[in-house]
Amino acid sequence: MANKMTIFDTDPNAKPKERVTFTDDTVGRFHSGIQGEDGTPEALSEWKISTGDPVVAQAVAQLFGGEAIETERPAENFIDVFTERSSIPVVLDGPDAIYADMKLWNRSKLVHHCDGSEFLSPEEKAGKPCGCPELFAERKQAAKDFIGPAPSITITFRLADDPDLGLFRFQSQSWTLASVLHEYENALEAVAGPALADLSLELVEYVVKKGPNKGRQVSYVKPVVKVLKAYDDAITDER
């Protein structure tokens, strides 16, 4: 009979965590913001990457700066790397690398799910008109008032600097990103295959010129995808 060591029985916290099995086939997530101590969202100027795999964490820290920090979050992506990069080259596998729909949540319950004109779920409503406003500004206001859905955007990609590391994803509810998704999809369609792109966080600053907030300085960070060229061409250029 094989004998088993019991060295971690008396110190379970020192036992290395097992490598997780990722439920969505991705090894990590990109984040453009964090939740502050008071619960309010805070934008980041450089990408944060989270993962549940220490090997992945060390790899992205080496590529993009930062250090791997294990957290107590009860989630599969419990290791954070606050990188030193606002722009990271990625590989997008065609237009299908971008998925977007519209969702309204009531706490943890999905109460409205559509594509902007027709319901996507539940099954008995799928394909029927969703009743969302036609005008973009009215859609945004409805979402702000919690009576209409907001964009739910997922971009899936590999790191151009280490494609074999696995798939990563970035999720966003940004209306600014939603307004230009069609441009990214058209650019990816034109490449007709895996594309090299820059995934970046871009600072936007301006002064309000009209209305009750006239003279107010506004600044925010928006996620941007810049499709550069076919990935095969990029590899050829490096040779």
| field | pair F82-F64: side-chain heavy atoms closer than 4.5 Å | value | no
| query | According to the interplanar angle, ranging from 0 to 90°, do the rings of F168 and F157 count as parallel (below 30°), tilted (30 to 60°) or perpendicular (above 60°)? | reply | parallel
| task | Check whether any side-chain heavy atom of V221 lies under 4.5 Å from a side-chain heavy atom of E202, and answer yes or no. | result | no
| What distance do H31 atom NE2 and N77 atom CG have between them, rounded to the nearest 0.5 Å? | 6.5 Å
| message | Please check: side-chain N/O of S219 versus main-chain N/O of V204, any donor-acceptor pairing under 3.5 Å? | response | no
| message | Test your reading of the model: is there a side-chain donor-acceptor pair from D115 to the backbone of S117, 3.5 Å cut-off? | response | yes
| pair T83-V60: side-chain heavy atoms closer than 4.5 Å | no
| query | Side chains of F78 and E70: closer than 4.5 Å at any heavy-atom pair? | reply | yes
| query | Would you say Q217 has more than 12 foreign heavy atoms packed within less than 6.0 Å of its CD? | reply | no
| query | Would you say the side-chain atoms of R139 and Q141 include a donor-acceptor pair closer than 3.5 Å? | reply | no
| message | If you define the side chain from C-beta out and look only at heavy atoms, does anything of E46 sit under 4.5 Å from R85? | response | no
| task | Decide yes or no for V224 and L201: does some side-chain heavy atom of the first lie under 4.5 Å from some side-chain heavy atom of the second? | result | no
| task | Kindly indicate whether the side chain of S152, heavy atoms from C-beta on, has any atom under 4.5 Å from the side chain of Y99. | result | no
| query | Does F119 have K125 sitting over its ring (NZ/CZ under 6.0 Å from centre, angle to axis within 45°)? | reply | yes
